[in-house]
Chemist: 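Have a look at the structure that comes next, please.
Just so we're clear, the structure is a prediction, and the values are computed from it rather than from any experiment.
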2 protein chains.
Amino acid sequence: MPDGVSALPHVRSQVGQVLAEFLAQQRAVLPGAADELRPGLDALDTLLAGGKRLRPAFCYWGWRGTGAADCPELLAAAAALELLHAAALVHDDVMDGSDTRRGQPALHRRFAAYHAERGWRGSAAAFGTGAAILLGDLLLGWTDELFAASGLAPDALARGRPVLDLMRGEVMAGQYLDLMAQASGDGSVASALRVVEYKTARYTIERPLHLGAALAGPGSTRPSAITAAYTGYGRPLGVAFQLRDDILGIFGDPARTGKPATDDLRAGKRTVLLAITRARASPGQAAILDRCLGDPELDEAAAAEVRAVITSTGALAECERLIGRHLDQALGALAAAPVTAEARAALAELAVTATARHD
Amino acid sequence: MPDGVSALPHVRSQVGQVLAEFLAQQRAVLPGAADELRPGLDALDTLLAGGKRLRPAFCYWGWRGTGAADCPELLAAAAALELLHAAALVHDDVMDGSDTRRGQPALHRRFAAYHAERGWRGSAAAFGTGAAILLGDLLLGWTDELFAASGLAPDALARGRPVLDLMRGEVMAGQYLDLMAQASGDGSVASALRVVEYKTARYTIERPLHLGAALAGPGSTRPSAITAAYTGYGRPLGVAFQLRDDILGIFGDPARTGKPATDDLRAGKRTVLLAITRARASPGQAAILDRCLGDPELDEAAAAEVRAVITSTGALAECERLIGRHLDQALGALAAAPVTAEARAALAELAVTATARHD
């Protein structure tokens, strides 16, 4: 990595600023409704202040990799991906019934508490769900609004828009497949990997890189070679990233992950880690999984039992091996990619950051 | 109205065709996930085949009113409003717990039934809610996708996009205000009218007209005068439209409205009609309202009691008077609007259609 350049801090500070300014603008748009909307907008301020900004970072380095120069307009367009991601998280937390997000109460819980504190009529939970659905919808709309208002030229935006559309469709399809797999009880490794492909691998890494390259446009010498190289790097890295997330969701430190290490187990998430565990479990171990996974009342003792099964079946070690293998594959593709030296170094750093044992 | 021209049929047939083609295209985008997505996409086919196409019609005549000629690209952009509206309906039905929409089971109920038929694990209702949230999200994303792919020139789209953004923000804000008013028990006529302003008046009529005018652009002689005239026509008409909807929701024929005449009462909707009723109710009548409104088990006999209160307080007649007065105001603004004669006739026809006693 060249001296003085790091892959994330620049993107993080710029994206944070763009989002804060965008939210402040939005508060001014609906003056007639501002008072009642305040709790919602305050909650979004908090939500959007957090986050690792991985998707904007991949978009940014996807752009820089083509040889295009750093520019604030690109960072504004990249920041739109955080709005899309926040929308997906808000709706995901409603669907999973999660209590926390980024170390704070999930948005629907926050609104349910707001309702309960005021002793309002009807169900506080239903009010929380309704408000969170609407705020997620607002965030989805804002994605396009910020993207279009980024200041990039109309022809650049026209090149980027189909990638953004694809990305949005794929993440929704991925979440839908996840919901289906969970409900139908399809616990196979193949099914879990397919969900990962749509829900994470494409959406988190490959498509943001493609978006950056598409926005940069035909100025680079070999746009199609670059796009292919980003796929070669992005897909395996996305799998490694999700597998790390699977592990952190069950074994991670809640103070670092921002959510309890029992959430995924209680929700009975069909992760690749648990699919591998199930495939390797003895009948006795399978009985533990059947009893614990998806139990909304699961306590810490039962979580510890599940963790012991994951470890003793060798699934944890297998998952670590898979992460290593996919990371190597991504770095191999990156080494051969026709991108700038600076972007190559930054993407290598991002690959390591995104799959590190600690957040 | 000039011979042989009618305000709706042309828009309806074109918009129906655009939406059918767009959905068929989308099915081809996600081949890896197509099998599992089929029930969702089939449900959207049905949902999008229905609908009165009022928003596209207002967008179309907003465009035509400036003197711009009929063109398929404009109709494709206008059709995007149906995707936005379908998204709002799908999420609204989840929030209200509605069973039916357009005479069919609501999307979340359809998915809950799909889950139950297969004897899948977990809660069928939660599965239905999750799938409906995701499909609504997909529809929201598609709104921009169809709008951008309409074939209109980039500068036209750039003029239209801020109107579309505003429209989306306003409808979400309106729904949020509605949720708040319902939960906090604010049953005032003023509060109900404010919800109507955001949720219906701007979103259904004024903004689609403005969108059409913005897309047509500076070619017309007096764009700002036309925009102001559309506001003068659109806002009162929007109020009249919503008041008619309030009445149809309680007194309408379910075979025509596509939903049971008990839905609004069970949900305890804070409509203007019910706010007027409450303001005029005697203590005995207020007790009936308190007992019945918002009761999820409300039966037909109790609904008949509420209807009798609405009628005998004079609220129904007052609501009809308000519809008439707002309709007159809209038609007055239209008479003075600097639009083409053909658009004036079509918008007069649409005003009557949108506020007619029967759907």
Chemist: Ignoring hydrogens, what is the shortest heavy-atom contact between A:Arg168 and B:Gly141? Give both atom names and the distance.
Modeler: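 Closest approach of A:Arg168 to B:Gly141: NH2-O, 3.3 Å.
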Chemist: How long is the straight-line distance from NE2 of B:His115 back to CE of A:Met180, given to the nearest 0.5 Å?
Modeler: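 Taking CE in A:Met180 and NE2 in B:His115, the distance rounds to 10.0 Å.
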Chemist: Side chain, backbone, both or neither: which part of A:Val94 has an atom under 4.5 Å from a heavy atom of chain B?
Modeler: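 The side chain, not the backbone.
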Chemist: How about A:Asp137 and B:Gln175: do any of their side-chain heavy atoms sit closer than 4.5 Å?
Modeler: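 No, every pair of side-chain atoms sits at 4.5 Å or beyond.
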Chemist: Is B:Ala131 close to chain A through its backbone or its side chain, or both, or neither, when contacts mean heavy atoms under 4.5 Å?
Modeler: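 For B:Ala131, backbone and side chain are both near chain A.
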Chemist: How close do A:Pro39 and B:Tyr176 get, counting heavy atoms only, and between which atoms?
Modeler: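 Minimum heavy-atom contact is CG-OH, 3.8 Å.
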Chemist: Shortest non-hydrogen contact from A:Arg121 to B:Arg270?
Modeler: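 Looking at all heavy atoms of both residues, the shortest contact is NH1-NH2, 3.0 Å.
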Chemist: Heavy-atom distances under 4.5 Å only: say whether A:Ala126 touches chain B with side chain, backbone, both or neither.
Modeler: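 No part of A:Ala126 comes within 4.5 Å of chain B.
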Chemist: Counting heavy-atom pairs closer than 4.5 Å to chain B, which one of A:Ser184, A:Ala149, A:Gly174 comes out on top?
Modeler: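 Highest number of heavy-atom pairs under 4.5 Å: A:Ser184.
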Chemist: Measure across B:Phe127 and A:Ala183 and return the closest heavy-atom pair with its distance rounded to 0.1 Å.
Modeler: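 Reported closest heavy-atom pair: CD1-CB, 3.7 Å.
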Chemist: So how far is it from B:Asp92 CG to A:Leu134 CG, rounded to the nearest 0.5 Å?
Modeler: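 Going from CG on B:Asp92 over to CG on A:Leu134, the span is 8.0 Å.
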Chemist: So, do A:Ile133 and B:Met95 sit near enough that their side-chain heavy atoms are less than 4.5 Å apart?
Modeler: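 Yes, side chains in contact.
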Chemist: So which part of A:Glu197 gets closer than 4.5 Å to some heavy atom of chain B, the side chain, the backbone, both or neither?
Modeler: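 Answer is neither: A:Glu197 stays 4.5 Å or more from chain B.
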Chemist: Tell me, side chain or backbone of A:Leu179 under 4.5 Å from chain B's heavy atoms, or both, or neither?
Modeler: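 Both parts, backbone and side chain.
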Chemist: Is the closest side-chain heavy-atom distance between A:Asp144 and B:Leu164 below 4.5 Å?
Modeler: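 When only atoms from C-beta onward are counted, B:Leu164 and A:Asp144 do not touch, as no gap falls below 4.5 Å.
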